[in-house]
Amino acid sequence: MKKTIVWFRKDLRLHDNPALWEAARQGVIIPVFIWSEQEEREYATSETARWWLHHSLIALEKELKSHGLTLILRKGNSFEQLMSICKQTKADAIFFSKRYEPSIINRDCIIATKLLSCVSEVRSFPSNLLFTPEKLLNQKNEPYKIFTSFWKRTMRESVNYPLPIPTNIISYNEALPHLQIEELGLLTNNHWHDKFHEYWEPGEKGAMSKWKEFTNEGLNRYAIESDIPFVQSVSLLSSHLVWGDISVRAIWHAANRLRDDESKEYRQSSIDAFLRQLIWREFAYHQLLHFPKIINNPLRGNFIEFPWRNHDEELSKWQKGLTGYPFVDAGMRELWETGVIHNRVRMVVASFLVKHLLISWVDGSEWFQQTLVDFDVANNAMGWQWVAGSGIDTSPYFRIFNPILQSQKFDPHGLYIRKWIPELAQLPTKYIHEPWKAPTDLLLETGIVLGDTYPHPIIDHSLARIRALEAYELIKNT
DNA sequence: ATTGTCTTCGT
DNA sequence: CGAAGACAA
C-alpha cells in the first residue's frame with residue numbers, strides 16, 4: 001500500500017483538502033507540518049500571525065488525532081525536513097496545497113523537483129482559492145487590471161465542489177521523531193495576544209462556528225449592514241481563510257445553496273454582496289501573482305516621486321488611536337484589541353494615514369502586518385495600493401474619505417466609537433463624531449479635557465484635504 | 001473598493 | 001452593433 005506524506009501549509013483543515021483526500025485514496029497518510037521561519041520571510045513572521053498559527057495547529061493536531069493520525073511537527077528547512085521524513089518512512093509520494101506568494105512559489109518549485117530523488121510522486125493541489133489565478137486572463141491574454149472586468153469573468157467560471165473529509169483514513173503506525181507544538185517557538189512571552197482568545201477560536205471548528213453564526217445572522221442583512229461596524233454583520237472569517245481553517249470553495253457553494261433556502265429567505269442581494277467580497281480576495285491573489293512587486297512598491301511608476309512625509313510622531317499617534325478623529329481612533333483601537341478592523345473602518349483609517357497625514361502606505365501596511373490577526377499579503381497590498389491610488393485598480397486620487405462624514409454615515413449613533421473610546425462615551429451623539437465642536441460646559445460635564453483625556457484633531461480636515469490634493473497634483477502627469 | 005464614457009474587437 | 005475592457009474624473 002502506498003504511503004503519502006501530506007505536507008500541511010495554509011490548508012490547516014480536513015474538509016475540502018485535496019492533498020489529504022488524494023493521499024487517503026492512495027493508502028497510508030503521514031501528515032506533516034514544518035515551521036520554516038526563514039522561508040516565510042515577509043509573509044507570516046509577525047507575532048499575531050504566529051499566534052493564530054500556533055492555535056490553529058493545536059486544533060489541526062486534535063482533529064487529526066480523532067481520525068487516528070499523528071501530526072508530525074518539524075521546524076527548519078522545508079526540503080531537509082521533508083527529505084528526512086521521506087527517508088524515515090520510505091514514503092512513496094508527497095502531496096500538498098498550492099501557495100501563491102511569489103517567493104514561496106519559487107521555493108515549492110525547487111523543493112518539488114529535488115524531492116523526486118526520494119519519492120516517485122510529488123503533487124500540488126489548488127485549495128486556497130476559488131479559481132486558478134494563472135488561468136484567468138483577458139482576451140489579450142493579459143492579467144485583468146480592473147475589478148469589475150475580473151469579477152464579470154469569474155461569474156462565467158465554475159468553482160470546484162468541495163471534497164468531504166476522507167472516511168477511509170489509514171494512519172502510519174511507526175513512531176517518528178517530531179516536536180511538540182510549543183517547541184516550534186511560535187509564541188512569544190508577550191501576553192498582548194492572550195486577549196485574542198476572547199474573540200477568536202483558530203482552527204477548523206472555530207471557523208465552522210463563525211460560518212454558522214454568520215449564516216444565522218449577518219448574511220441575511222449583509223447587503224444593508226455589512227458596512228456598519230458596530231453591528232458586525234460580517235463573516236469574521238478572514239483569518240480562518242488565511243490559514244485555510246475553512247475552504248473558500250466550501251463557503252462559496254454553501255452561500256449559493258442558501259439562495260434556495262426557503263426557511264430563511266436569504267436576500268439574493270446579500271448573498272451576491274458577500275460572494276463579491278470573496279472575489280476581491282481572488283483579485284488580490286491575481287494581482288500578487290502577476291505583479292509581485294505590489295507587496296512594497298507602487299505599481300504606478302509616478303508614485304516613486306510622491307512627496308511622502310516621514311513623521312514618526314504622527315505615525316505613532318495613528319497607530320495608538322490618538323489622532324483626535326474618533327472614528328479613526330476607534331478603528332485603530334479595535335485593531336489593537338482584537339487583531340482586526342471592520343472593513344469599512346479599515347478603508348477610512350488607511351485613507352487617513354495616506355491622505356490626511358501623507359505618510360507612506362508602506363508604513364501603514366507594515367503596522368497592519370504586525371497587528372492584524374487576519375494579515376494576508378495579497379489582500380493587504382491590494383488594499384493599501386487601492387487607498388493610496390498607486391495600484392492598477394485604484395481609488396480615485398481625489399477621493400479623500402472625510403472621516404467625520406464616514407463616521408456619521410456608518411456609525412450614526414456613535415455606538416462603535418463609544419465601544420472603543422470609552423473616554424468619549426458620555427458625549428451626546430451630536431458631538432461624538434467631532435468632539436472639538438462640543439460646547440465647553442458639555443465637555444466639563446462629561447469629564448472630557450481635549451488635549452488631555454482625548455487629543456485635539458491631529459490636523460484640520462479641510463486643510464489636510466487641500467494639502468493632499470496638492471501632493472497628488474504634483475505627481476499627476478509625471 | 002465609483003461611475004460614466006470612450007475604444008476596441010468580434011460578429 | 002453589442003460586449004468587454006480601459007480610462008478619466
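Values reported hereafter were calculated over all heavy atoms of this structure, with side chains retained and with hydrogens, waters and symmetry mates removed. Proteins come first, then strands; the chains are lettered A, B, ... in the order of their sequence lines, and each starts at number 1. This one's a predicted model, so the numbers in the text were calculated from it and none came from an experiment.
Counting to the nearest Å, the P atom of B/dA1 and the CZ atom of A/R399 are 9 Å from each other. Atom-to-atom, CD of A/E142 to P of B/dT8 comes out at 15 Å; the value is rounded to the nearest Å. The CD atom of A/Q139 sits 10 Å away from the P atom of B/dT11 (whole-angstrom rounding). A/K152 places its NZ atom 15 Å from the P atom of C/dG2, with the value rounded to the nearest Å. Spacing between atom CZ of A/R300 and atom P of C/dA8 amounts to 8 Å, rounded to whole angstrom units. One interatomic measurement links the two molecules: CG of A/N138 to C1' of B/dG10, which rounds to 15 Å at whole-angstrom precision. Atom CD in A/Q287 sits roughly 11 Å away from atom C1' in B/dA1 (whole-Å rounding). Atom NZ in A/K145 sits roughly 12 Å away from atom C1' in C/dC7 (whole-Å rounding).
The closest side-chain donor-acceptor pair between A/S390 and A/Q385 falls under 3.5 angstrom.
A sub-4.0 Å separation between OP1 or OP2 of B/dA1 and a side-chain N or O of A/Q385 is absent. An OP1 or OP2 oxygen of B/dA1 is reached within less than 4.0 angstrom by no side-chain nitrogen or oxygen of A/N379.
Taking a cutoff of 4.0 Å between a charged side-chain nitrogen and a carboxylate oxygen, A/K317 and A/D329 do not qualify as a salt bridge. Using a cut-off of 4.0 Å between Lys/Arg side-chain N and Asp/Glu carboxylate O, A/E313 and A/K320 are scored as not salt-bridged.
Contact annotation for A/T394: base contact, defined as any heavy-atom pair under 4.0 Å involving a base atom. Within the 4.0 angstrom heavy-atom criterion, only backbone atoms of the sugar-phosphate kind lie near A/R344; the bases stay farther away. As judged by a 4.0 angstrom heavy-atom cut-off over every strand, A/Y144 is placed among residues touching the sugar-phosphate backbone only.
For A/M347, the side-chain atoms get nearest to B/dA1 when compared with the rest of C/dG5, C/dA9, B/dA1. Distance from the side chain of A/M382 is smallest to B/dA1 among C/dA9, B/dA1, C/dG5. The listed nucleotides are C/dA4, C/dC7, B/dT2; the one nearest the side chain of A/P396 is B/dT2. The A/S149 side chain lies nearest to C/dG5 when the options are B/dT2, B/dA1, C/dG5.
Both thresholds, 5.5 Å between centres and 30° between ring planes, are met by A/W280 relative to the base of B/dA1, so the two rings are stacked.
Evaluated for a salt bridge (charged side-chain N to carboxylate O under 4.0 Å, His left out) with A/E101, the options A/K10, A/R9, A/R107, A/R41 yield exactly one hit, A/K10.
No donor-acceptor pair under 3.5 Å is formed between the side chain of A/E204 and the backbone N or O of A/L60.
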